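For reference, the structure discussed in these notes is given below.
What you are looking at is a predicted structure, and each value in this text was computed from that prediction instead of being measured. Side chains included, hydrogens not; waters and symmetry mates left out as well; all remaining heavy atoms used.
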Amino acid sequence: SGCRWELRCHKYLIAFGPRRRRGDQRGLGVNVFFVCGAPKSGTTWLQRILDAHPQVCCSGEGHFVKRFTAPVAKVMNAYNAGLAMEARAVYEGRPYYSLVSQAEFDEIARGFILARLRARAGAETRWVGDKTPTYTRDLDLLHRLFPTARIFHILRDPREVAVSRMAHSHRAGVTDALTPGAEQYRRTVDGAIRYWTEAVRAVDAFSQAHPGLVHEVRYRDGHADPVGEIEKVFGFLGAGKDGILLEEVAAATSFEAMAG
């Protein structure tokens with residue numbers, strides 16, 4: 001009956017079932033945003049800036065697509081496959097249960113993500129978000145679940161990203177990560193540049209398709225003018241940004257303070 005079961009790339013659509021009007025953020029009670037960027041670009045620094053605002057709650061490393069949406073999509077596909085088989089074999093094509101629709105799947109995913117995002121929110125919270133660097137690969141799915149969600153993308157010089165990745169690998173026990181000419185050195189540099197390129201292209205494409213939903217933060221600008229960049233970040237959300245607050249957040253999330 002034309003049943004084909006597949007996950008479409010990393011967007012994790014369920015395989016079939018009637019489509020309905022996609023959800024929006026009206027009635028959610030809070031506004032949603034996501035933070036992304038190539039690893040070692042400063043995503044954690046940006047997360048802490050956002051989380052320091054009394055009206056903003058930004059948690060980190062939720063990995064909602066990879067660790068929840070994808071596995072649940074596989075379960076839903078298997079469930080629908082079983083329903084379809086029994087409809088043919090037992091009920092002559094007239095089953096009691098309809099296939100799980102894309103809208104039903106999205107509602108489950110949206111509800112789970114919102115519950116996680118709200119877990120740390122307080123009474124003053126107007127914005128809830130999550131920082132996961134690999135969301136650069138999942139922007140279309142996140143937009144389908146939360147059409148008005150804002151996206152923060154932090155951009156760092158790819159050479160600095162590669163050096164930071166090498167240092168991180170060395171601290172993790174990869175002794176040749178800092179040895180020029182070594183195989184692990186080459187793999188680390190090539191991997192960092194390749195992921196940086198993919199991330200930037202993906203965010204650029206999404207930004208062009210959805211004007212006004214993406215705010216780019218440049219790592220070097222955060223070094224040069226932290227108060228000015230923090231003001232832009234809060235302004236993108238429409239959150240309060242008085243001078244005293246900006247100075248306090250800049251001091252608490254400075255690179256020196258984060259380095260201990």
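Considering only heavy atoms from C-beta on, Asn77 stays 4.5 Å or farther from Lys74 through its side chain. Residues Phe146 and Thr148 form no side-chain contact, since every pair of their non-hydrogen atoms from C-beta on lies 4.5 Å or further apart. Side-chain contact check for Val100 versus Tyr79: some heavy-atom pair is nearer than 4.5 Å.
When hydrophobic side chains of Ile, Leu, Val, Met, Phe, Trp and Tyr are connected at separations under 4.5 Å, Met85 ends up as a singleton with no cluster partners.
Ring-plane geometry between Trp45 and Tyr219 is classed as perpendicular, the angle between the planes exceeding 60 degrees on a 0 to 90 degree scale with a lower cut at 30. Aromatic ring pairs are classed by plane angle as parallel below 30°, tilted from 30° to 60° and perpendicular above 60°; the pair His215 and Phe152 is perpendicular. Ring-plane geometry between Phe64 and Tyr135 is classed as parallel, the angle between the planes falling under 30 degrees on a 0 to 90 degree scale with a further cut at 60.
Contacts of Tyr97 classified as ring pair (Phe, Tyr, Trp, His ring centres under 6.0 Å), with partners at least two apart in sequence or in another chain: none. Scored by the side-chain contact (heavy atoms from CB on, under 4.5 Å) test, Ser169 finds Val174, Ala177, Thr188 as partners (sequence neighbours excluded). Qualifying salt bridge (Lys or Arg N to Asp or Glu O under 4.0 Å) partners for Arg126, counting only residues two or more places apart in sequence or in other chains: none. With sequence neighbours excluded, no residue forms a ring pair (Phe, Tyr, Trp, His ring centres under 6.0 Å) with Tyr185. Checked against salt bridge (Lys or Arg N to Asp or Glu O under 4.0 Å), Arg94 has the following partners two or more places apart in sequence or in another chain: Glu92. Every side-chain contact (heavy atoms from CB on, under 4.5 Å) that Ala38 has, sequence neighbours left out, goes to Ser41, Tyr195, Trp196, Ala199. Every residue meeting the ring pair (Phe, Tyr, Trp, His ring centres under 6.0 Å) condition with His53, not counting sequence neighbours, appears here in chain and number order: Phe234. Residues passing the side-chain hydrogen bond (donor to acceptor under 3.5 Å, both in side chains) test with Glu86: none are found, sequence neighbours excluded. For the salt bridge (Lys or Arg N to Asp or Glu O under 4.0 Å) test, no residue two or more places apart in sequence or in another chain qualifies with Arg201. Asp157 is linked by a salt bridge (Lys or Arg N to Asp or Glu O under 4.0 Å) to Arg159, Arg220, counting only residues two or more places apart in sequence or in another chain. Applying the ring pair (Phe, Tyr, Trp, His ring centres under 6.0 Å) test to His63 and every residue at least two apart in sequence or in another chain returns nothing.
Using a cutoff of 4.0 Å between basic side-chain nitrogens and carboxylate oxygens, Lys232 and Glu229 are scored as salt-bridged. Checked for salt-bridge contact, Asp51 and Lys131 miss the test: no charged N lies under 4.0 Å from a carboxylate O.
Rounding to the nearest 0.5 Å places SG of Cys57 at 10.5 Å from CG of Leu50. Note that the CD1 atom of Ile49 and the OG1 atom of Thr44 stand 11.5 Å from one another [nearest 0.5 Å]. From Ile154, atom CD1 reaches atom OG1 of Thr136 across 13.0 Å, with rounding to the nearest 0.5 Å. For the atom pair OG1 of Thr125 and CG of Asn31, the computed distance is 11.0 Å after rounding to the nearest 0.5 Å. If you take CG on Asp204 and CD on Glu216, they are separated by 7.0 Å, rounding to the nearest 0.5 Å.
The closest side-chain donor-acceptor pair between Gln102 and Asp106 falls under 3.5 angstrom. Side chains of Arg48 and Thr253: a donor-acceptor N/O pair is absent below 3.5 angstrom, by distance only.
Residue Glu61 qualifies as enclosed at atom CD: its count of foreign heavy atoms under 6.0 Å is above 12.
Seen from the ring of Phe236, Arg150 counts as a face-on cation partner, given the 6.0 Å and 45° thresholds.
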